[in-house]
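A short write-up of the structure that comes next.
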Amino acid sequence: MFDIGFWELALIGVVALLVVGPERLPALARTAGIWVSKARRFVSSVKADVEKEIRADELKRVMKEQAESSGIHEIVEETRSSVKESREEIESTRSELEEYQSNLSGNSVTDEAPSSSENDPRDSNDR
């Protein structure tokens, strides 16, 4: 706060001793100490209040950012659900393809390959 060294304090003490006198100097020092103590407490209180307000403003800012970013969470959840649905569709298609391939391989092993297009399952939709 103030940069007061030893010699400055000694000079202030000598001037106070000459002006006030030796009888009233202890009471003056006690009163000055009380005032300095009150001033320090006041400054400390103001400093704590300012820091408290700064923390409150920071908290409000963070809460506002989180409220704005809640849309991001919804987007992430929608993406997860669509990925899950796509994965299920892929698995379903994969199992259908495997079943179709096993049917085709089963037909070629047990039966001879069909000679006409009447037995071809791909053409059944065209009719």
Side-chain angles (χ1 to χ4, degrees):
M1 197 158 96
F2 296 110
D3 190 23
I4 299 176
F6 173 76
W7 293 111
E8 286 90 1
L9 287 176
L11 181 64
I12 291 171
V14 169
V15 170
L17 181 64
L18 292 175
V19 171
V20 176
E23 300 90 29
R24 296 188 322 201
L25 186 61
L28 178 68
R30 188 171 25 257
T31 305
I34 291 171
W35 280 100
V36 168
S37 172
K38 286 182 180 181
R40 283 186 180 174
R41 273 186 266 146
F42 176 74
V43 168
S44 175
S45 172
V46 169
K47 185 178 175 182
D49 288 343
V50 168
E51 288 177 358
K52 189 177 183 181
E53 288 297 321
I54 289 172
R55 278 187 261 129
D57 287 341
E58 287 179 20
L59 182 61
K60 286 178 185 177
R61 182 183 53 82
V62 168
M63 289 176 61
K64 182 179 177 183
E65 288 176 1
Q66 285 183 352
E68 291 173 355
S69 70
S70 68
I72 293 172
H73 295 295
E74 292 173 3
I75 292 171
V76 168
E77 290 302 318
E78 288 176 6
T79 305
R80 283 184 182 162
S81 65
S82 62
V83 166
K84 184 178 179 182
E85 290 172 4
S86 298
R87 186 175 290 150
E88 291 171 356
E89 289 178 17
I90 290 171
E91 289 298 321
S92 171
T93 306
R94 180 183 290 161
S95 65
E96 289 175 6
L97 282 174
E98 289 173 353
E99 182 180 322
Y100 182 72
Q101 284 179 343
S102 67
N103 287 340
L104 282 181
S105 64
N107 285 341
S108 64
V109 171
T110 58
D111 300 333
E112 292 184 23
S115 59
S116 67
S117 63
E118 295 175 5
N119 295 334
D120 194 358
R122 290 177 284 175
D123 293 335
S124 65
N125 293 337
D126 294 339
R127 294 185 193 162

- Note on the structure: In this structure, CG of Leu97 is separated from OG of Ser102 (nearest 0.5 Å) by 10.5 Å
- To the nearest 0.5 Å, atom CZ of Arg87 lies from atom CZ of Arg94 at 10.5 Å
- Task: State whether Arg80 and Glu77 are salt-bridged, where the test is any N-O pair (Lys NZ or Arg NE/NH1/NH2 against Asp/Glu carboxylate O) under 4.0 Å.
- Result: yes
- Query: How many angstroms lie between CZ in Arg55 and NZ in Lys60, if you round to the nearest 0.5 Å?
  - Reply: 14.0 Å
- So, the side chain of Glu51 versus the backbone of Ala48: is there a donor-acceptor pair under 3.5 Å, distance only? no
- First locate atom CD of Glu91, then atom CD of Glu98, and finally report the distance between them rounded to the nearest 0.5 Å. 8.5 Å
- According to a 4.5 Å side-chain heavy-atom criterion applied to Ile, Leu, Val, Met, Phe, Trp and Tyr, with indirect links allowed, do Ile34 and Phe42 form part of one hydrophobic cluster? no
- Check whether any side-chain N or O of Thr31 sits under 3.5 Å from a backbone N or O of Ala27 as a donor-acceptor pair, and report yes or no. yes
- Query: Roughly how far, to the nearest 0.5 Å, is CZ of Arg30 from CG of Leu25?
  - Reply: 10.5 Å
- Query: How long is the span from the CG atom in Leu104 to the CD atom in Glu99, to the nearest 0.5 Å?
  - Reply: 11.0 Å
- Query: Can Arg41 and Ser37 be counted as having a side-chain donor-acceptor contact under 3.5 angstrom?
  - Reply: yes
- Note on the structure: side-chain contact (heavy atoms from CB on, under 4.5 Å) test vs Leu18 passes for just one of Val14, Val15, Val20, namely Val14
- Message: Between Ser92 and Glu88 (side chain of the first, backbone of the second, donor and acceptor by atom type, cut-off under 3.5 Å), is there such a pair?
- Response: no
